[in-house]
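Structure first, commentary second.
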2 protein chains.
Amino acid sequence: MSLQYLDAGVDLEEAGRLTQRITQRLGSALFGGFVPVSEIKSYEEPVLVSSIDGIGTKVHLAGRLHMVDGLGRDIVHHCVNDIAVHGARPLFFLDYLALNKLEPDLVERIVAGIAGACQALDIRLAGGETAEMPLVYPSGHFDIAGAVVGVVEQRDMVDGSAIRGGDVLLGLPSSGLHTNGYSLVPTIFSDDDLCRYEPDFGATLAEALLEPHRCYVTEMQLMVSTGLVHGMAHITGGGIAGNLARIMPSGLQAVVHLDPPSGLFRLIDERSGMAREEMRRIFNMGIGLIAVCDSSTPIPAGCRRLGVVQPAEASEARVVFSDND
Amino acid sequence: MSLQYLDAGVDLEEAGRLTQRITQRLGSALFGGFVPVSEIKSYEEPVLVSSIDGIGTKVHLAGRLHMVDGLGRDIVHHCVNDIAVHGARPLFFLDYLALNKLEPDLVERIVAGIAGACQALDIRLAGGETAEMPLVYPSGHFDIAGAVVGVVEQRDMVDGSAIRGGDVLLGLPSSGLHTNGYSLVPTIFSDDDLCRYEPDFGATLAEALLEPHRCYVTEMQLMVSTGLVHGMAHITGGGIAGNLARIMPSGLQAVVHLDPPSGLFRLIDERSGMAREEMRRIFNMGIGLIAVCDSSTPIPAGCRRLGVVQPAEASEARVVFSDND
């Protein structure tokens, strides 16, 4: 028999069958690469805001444990949060899934998760690619990337430039590690640890670690509608300081007070013996979103006052921690 | 010394330095996540057209041979072709690069390639992510994905629905394998083959195989402006039949006449002993783009008449080959 693509590990028939199965299961209304945007004509100065990202090594932990159902929410929420911090309303999402081998169950669970997260947010899944790449990904390995596009009226854009001394920092809790710091998980926890039921979490450690990235879009839209939000930071890679610093204008400093680590972060702290500073650079420490608001802002339910903005020399750090945990 | 992220193979400082170096080298005008689109207000019914994709196992060949400079053009051209076939004008691009280790030279060469390709097309590089994922990618391995967003006036959209009997098929040559079929390369060619100078190509076989994906945007825009184009197919995974079939309306059949394989495709044919049908499912066979046009269309320079559209039973194949190579 002569050489076939299948010999190189690429199964075109399976790819076709899978696409059909997923579309049938989820209905076609959600899908479509053409997104009519006549509504944009009512904007005075429309601006498209977009973001592309992955969910890091969380894919590795989830894949290894065959717990991939939450990864769709991870990638969609991670991306939409990234544009909603600028006041943008998400319009559509695109997904990229690359893997060693097209395992139908794996692909279907991941893509169904992505489609479900898009549906819940009422945004279109405008496109996707599933690539079988046996030479790039080792057996059982895969990666996920996603891109989101949204729109905002230029004058309503939130970019931190309105931040001033006296503003307050409001923090919204994260649902766990979100999508950062997972490269360290195998160093800190054994497989026995991962499978053990943790009464504090009401779940196994693995389940707690794989809790999907929380979506803050509704909360952000509500806060922005008050007109009192001057800047928002989605706490991802680089932690609170890294992400908050990016929106702080020169001559101002955010003073953040963190409580001692709790939940997963306390466990990581106890087990890893990491320096607190290093931990804060990697993990969100329980805060997934920070809004910098006018001091007159009533603190919404579920938010916590994290600190204030104060004047500072331009040479000083834009973000400092006021606690000594 | 206590545990650091670096111990898990993730170097946050290096990531920061790299971003700075790339932005400095390329200038900041090209970059920016906020894309003002007031021009869209002049559209009657604007439609956003988008695509996300990778460049398959070409990344593996290029990485292994340390020949990564063309990969930026590969991913950008692949994506923009995918939306330009619908008549869309590309607005901006987003890139995702994930790798085992942030090797500064590798990352800089890839990202510079992406930025250069965007610059040449006068589109914004609106965002990017470079992710160090040692647990997912083996040493020396990486993957690249990209997303592009463009706009088209609803009534000017090209989607194949205008195709009718008597239309002609015009083919534009590919620059080689483009971004499909690379999983087979190590099965067909030895490393000695790859390094050997091939007089027919005026290059080594590796150089010929890594020739970047050709961009057809200018040619497509010119053809569309005549008003005589009824459908266009970008020949990627699935080959001519797979991609052309998607735009053929029911009750019509594209009859394609291909010359015997030449260049790289002849070499692959000779070496692999693949069945012709299997080759055509995997490779573009030297044709990167097919435009289905009104029969009155003058054939533009660089185009080749590939065949015609004829009536057919709905149950018949949408694409057949008229040759017996």
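Chain A is the first sequence line, chain B the second, and so forth, proteins listed ahead of strands; every chain is numbered from 1.
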field: Which atoms of Thr187(B) approach chain A - backbone, side chain, both or neither, heavy atom under 4.5 Å
entry: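 Contact with chain A: side chain only.
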message: For Met279(B), which atoms come within 4.5 Å of any heavy atom of chain A: side chain, backbone, both, or neither?
response: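 For Met279(B), there is no contact with chain A at all, as no heavy atom is under 4.5 Å.
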Looking at side-chain heavy atoms only, is the closest gap between [X] and [Y] below 4.5 Å?
X         : Y         : result
Leu91(A)  : Leu48(B)  : yes
Val136(A) : Val59(B)  : yes
Tyr43(A)  : Ile40(B)  : no
Tyr137(A) : Asp143(B) : yes

message: Within the supplied structure, the quantity of interest is the number of heavy atoms (other residues, nucleotides, ligands) at a distance under 6.0 Å from Lys41(A) NZ; does it exceed 12?
response: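 Yes.
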query: Measuring heavy-atom distances to chain B, does Asp159(A) have an atom under 4.5 Å in its side chain, in its backbone, in both, or in neither?
result: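 Interface part for Asp159(A): neither.
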message: Please identify which of these residues, Ser38(A), Pro36(A), Pro46(A), meets the side chain to side chain contact (heavy atoms under 4.5 Å, CB included) condition with Pro46(B).
response: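 Among Ser38(A), Pro36(A), Pro46(A), the one meeting side chain to side chain contact (heavy atoms under 4.5 Å, CB included) with Pro46(B) is Ser38(A).
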message: Once you measure the plane-to-plane angle for Phe34(B) and His86(A), does it fall in the parallel (<30°), tilted (30-60°) or perpendicular (>60°) bin?
response: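 Aromatic pair Phe34(B)/His86(A) classed perpendicular.
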Top contributor to chain B interface from Leu135(A), Leu94(A), Leu61(A), Val49(A) [non-hydrogen pairs under 4.5 Å]: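 Answer, by heavy-atom pair count under 4.5 Å with chain B: Leu135(A).
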task: Give the member of Glu45(A), Gln154(A), Met157(A) that has the highest number of heavy-atom pairs under 4.5 Å with chain B.
output: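 Looking at each of Glu45(A), Gln154(A), Met157(A) in turn, Met157(A) comes out on top.
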